[in-house]
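Below is one structure; the comments refer to it alone.
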Amino acid sequence: MLEETNVKTIDKVVVRFAGDSGDGMQLAGNIFSNISAEIGDEISTFPDYPAEIRAPQGSLSGVSGYQVSVGRGVHTPGDEADVLVAMNPAALKTNLRYLKRDGVVVCDVDSFTPANLKKAEYKTNDPIKELDIDSKRVLLVPMTTLLKNTLADSGLDQKAIMKSKNMLALGIICWLFDRPVDNVLRKLKNKFAKKPAVYEANAKVLQAGWDYGHNTHSSLPVYRIDTAESRPGTYTDVTGNTATAWGLILASEKSHRPLFLGSYPITPATDILHELAKRKDLGVKAVQMEDEIAGICSAIGASYAGHLAVTSTSGPGLALKSEALGLAVMAELPLVAIDVQRGGPSTGLPTKTEQTDLMQALYGRNGESPLCVLAAVSPTDCFHMAFEAARIAMEYMTPVILLTDAYIANGSSAWRIPEPDDYPEIHPHILPADRLEAGWKPYDRDENKVRYWALPGTEGAMHRVGGLEKDNITSIISTDGANHELMVKTRREKIARIADSVPCVEPMLDADADTILLGWGGTYGHLLTAATQLNEEGNRVAFWQFRYINPLPKNTLEVLGKYKRIIVAELNTGMFADYLQMHLPGKEILRINKIEGQPFLVKEIVDGVKKLMEE
């Protein structure tokens, strides 16, 4: 055990793992996040994938990163890292900008070969000096040498041995932050259950990394993270895409409707398809279709047949699905369309994050085609908002677009697995027997303008719906102008009444301030942290993050009308600000925008709000 005098207690820490795409940085970072969540830490992660598919090894363009913040009061992965783990010179060079000036660097000194230095475009053979890094804050580890010595008698070939280097780095980080390696070993055992030799190799390397740190502890202290008190329960870390899939499964259970996913692989949404494809044991039907249009059309067919129907995609796929979304609006069928936003336009930046699909979600269909639009605000909130999307779709008989983004879809947070009674039953608007006996027609509606879901096979409920305009009662094709106007207004009114079943706006922090900072979707953690910091510095700011976008919560205009200064921060050129401006014509909506394929830094928001308040 280390002497207590060499242990420093901190409330949170940011670690960034960086290396080639094949170095296993995502896995190492994910395991570190998971074991931290299990012992009660709050976590927030940011996997930063390169856009290139396996760029040349050791090149600047091929570096993959994974940043995680763990501790108390964690809402973002952090603006800057306290520790950077760099597996080669290219990773060190491209990721040093994310490290605090007094941060610690852990790097593989064996990788500082002339060939690697040349590929990373260094001018000298001393990267530490060339990059002006304080040598006292650097732990140079001969990772490759240590790795080969540890596994010399393992019987593994050279390629298999090198695949374990990420576990050596993880062992060092577990030592540095007083993380138990036993929890890591348990996860490795599960991962390599069918490959005991691989497990044994990784376990030995992990311990070797921890031992190396322990034996060099005189140069660096161990940091003990002061864990926050949390509500009792079972915790794990979960990515946004996985949470989305699980939220849909719970909605299926609570609605007693079978779950169907018709989808086509697309970055960064594919993991939703992967996760639901595993869940045949829960009755999930997940079908990989031949293209985006087939994906949504198969889901519409499943919806007509009485399933909780879902399709998942990203921005380019949502564009392809637009005509079929119009069909679902016209037929008034429940459907959940999940759009994991990425940089655009066209194929754009497939591995980077943006919030640039908002206007497409709101208006990207021909004709008057209203539907419900929601947005998840964090990886764990993806679970809740997927459940909400399914609830609204089935209770209001409408398509719902759920917007997430690459940042929260690939990122993870600590999540308390809910109890069975934490979520209510969902009541699909299925045609009741008494309504059928009273002479039901396909477009009969309740007091909220919602038509009934007549499931195939229900005696006496044979009907048809489709893309051509229908009579407002019988569903017979109609080209009558007055009927069309009535149906347009009815479909619009039905969506507006969804506002009666969603939470109202309740500004956080200093609700009585003159200024309110607003956001929507996955920028929540950064905006909340920035607003908190602003108030701590004496700048009075209220804060609210929108999840329900169409319709807006019913008190939105009343609440926002009270503020002298409304600031909207979003990862686009101002789409939500424009949307609010339409509803608040007498107010000037101020804007903070970023379109770089990266999430906000807290500092960018703090500085932006201060500048707007001064002006």
Side-chain angles (χ1 to χ4, degrees), residues 15-39 45 47 49-50 53-55 57-58 62-66 68 85-88 91 106-111 116 141-177 179-215 236-239 241-242 270-271 274-275 277-278 410 412:
V15 182
R16 188 174 182 93
F17 297 84
D20 272 324
S21 292
D23 280 342
M25 294 295 91
Q26 308 297 327
L27 177 61
N30 183 265
I31 292 177
F32 181 73
S33 305
N34 202 288
I35 62 172
S36 298
E38 287 181 347
I39 62 175
T45 74
Y49 301 103
I53 300 175
R54 295 306 296 268
Q57 191 173 20
V63 175
S64 177
Y66 188 103
V68 55
V85 180
M87 303 299 279
N88 61 28
V106 178
C107 55
D108 178 13
V109 68
D110 287 342
S111 70
N116 282 343
V141 184
M143 292 190 190
T144 304
T145 301
L146 185 57
L147 182 66
K148 290 179 179 179
N149 291 340
T150 303
L151 298 180
D153 58 352
S154 66
L156 297 176
D157 60 32
Q158 183 74 9
K159 184 176 181 182
I161 288 174
M162 295 308 295
K163 284 184 177 180
S164 302
K165 191 160 67 169
N166 60 337
M167 290 300 106
L168 187 71
L170 181 58
I172 295 171
I173 294 301
C174 285
W175 161 77
L176 190 60
F177 294 106
R179 306 279 96 162
V181 293
D182 289 347
N183 291 359
V184 181
L185 293 174
R186 176 167 45 82
K187 295 190 177 302
L188 291 176
K189 202 160 194 173
N190 290 334
K191 181 175 179 62
F192 299 116
K194 297 180 179 179
K195 299 177 179 179
V198 176
Y199 163 73
E200 291 295 337
N202 279 277
K204 287 181 69 175
V205 169
L206 178 77
Q207 188 63 51
W210 196 96
D211 291 341
Y212 183 89
H214 179 72
N215 294 333
T236 185
D237 76 320
V238 66
T239 66
N241 276 340
T242 299
T270 307
D271 285 341
H274 289 168
E275 185 62 29
K278 302 174 187 176
N410 292 323
S412 62

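One is the number of the first residue; the rest follow in order along the sequence.
Across all their heavy atoms, Leu185 and Ala203 have their closest contact at CD2-CB, 3.5 Å. In this structure, Asn410 and Thr239 approach most closely via the heavy-atom pair O-CG2, 3.8 Å. Tyr66 and Ser33 get closest at one heavy-atom pair: OH-OG, 3.3 Å. Considering every non-hydrogen atom in both Asn202 and Ser164, the closest pair reads OD1-OG, 3.7 Å. Heavy atoms only, all atoms of each residue included: Val85 and Ala169 are closest at CG1-CB, 3.9 Å. The two residues Val181 and Cys174 come nearest to each other via the heavy atoms CG1-CB, 4.2 Å.
Separation of atoms NZ (Lys165) and CG (Leu151) is listed at 12.5 Å; rounding is to 0.5 Å. Here the straight-line distance linking atom CZ of Arg16 with atom CE of Met25 works out to 12.0 Å at 0.5 Å rounding. In this structure, Leu146 CG and Ile172 CD1 are separated by 7.5 Å, a value rounded to the nearest 0.5 Å. Rounding to the nearest 0.5 Å places CZ of Phe17 at 5.0 Å from CD1 of Ile173. Atoms CD1 and CZ, from Ile39 and Arg179 in turn, are 3.5 Å apart once rounded to the nearest 0.5 Å. Distance check: Met143 CE to Met162 CE gives 10.5 Å after rounding to the nearest 0.5 Å.
Counting heavy atoms from C-beta outward, Val205 and Leu147 have side chains that approach closer than 4.5 Å. Counting heavy atoms from C-beta on, the side chains of Leu27 and Lys191 come closer than 4.5 Å. Side-chain atoms of Met167 and Leu188, non-hydrogen and from C-beta on, do get closer than 4.5 Å to each other. When side chains are defined from C-beta on, Met87 does not count as touching Ser111, because their heavy atoms never get closer than 4.5 Å.
Of the possible donor and acceptor atoms, none in the side chain of Asp20 sits under 3.5 Å from a partner among the backbone N and O of Gly22. Looking at Thr45, its side chain does come within 3.5 Å of a backbone N or O of Ser412 through a donor-acceptor pair. For the pair Asn88 (side chain) and Ala91 (backbone), a donor-acceptor distance under 3.5 Å is present.
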Quick one, Leu170 with Leu206, criterion side-chain contact (heavy atoms from CB on, under 4.5 Å). Give me CA distance, side-chain angles, the key distance, then yes/no.
CA-CA 7 Å; Leu170 181 58; Leu206 178 77; 4.1 Å; yes
Worked check of side-chain contact (heavy atoms from CB on, under 4.5 Å) between Thr236 and Asn34
CA-CA 6 Å; Thr236 185; Asn34 202 288; 3.8 Å; yes
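Between the side chains of Ser64 and Asp23, no donor N or O sits under 3.5 Å from an acceptor N or O. A donor atom on one side chain and an acceptor atom on the other are found under 3.5 Å apart for Asp110 and Thr145. If you check the side chains of Gln26 and Asn30, you find no donor sitting under 3.5 Å from an acceptor.
Residue Lys204 places its NZ atom among more than 12 non-hydrogen atoms of other residues, nucleotides or ligands, all under 6.0 Å distant.
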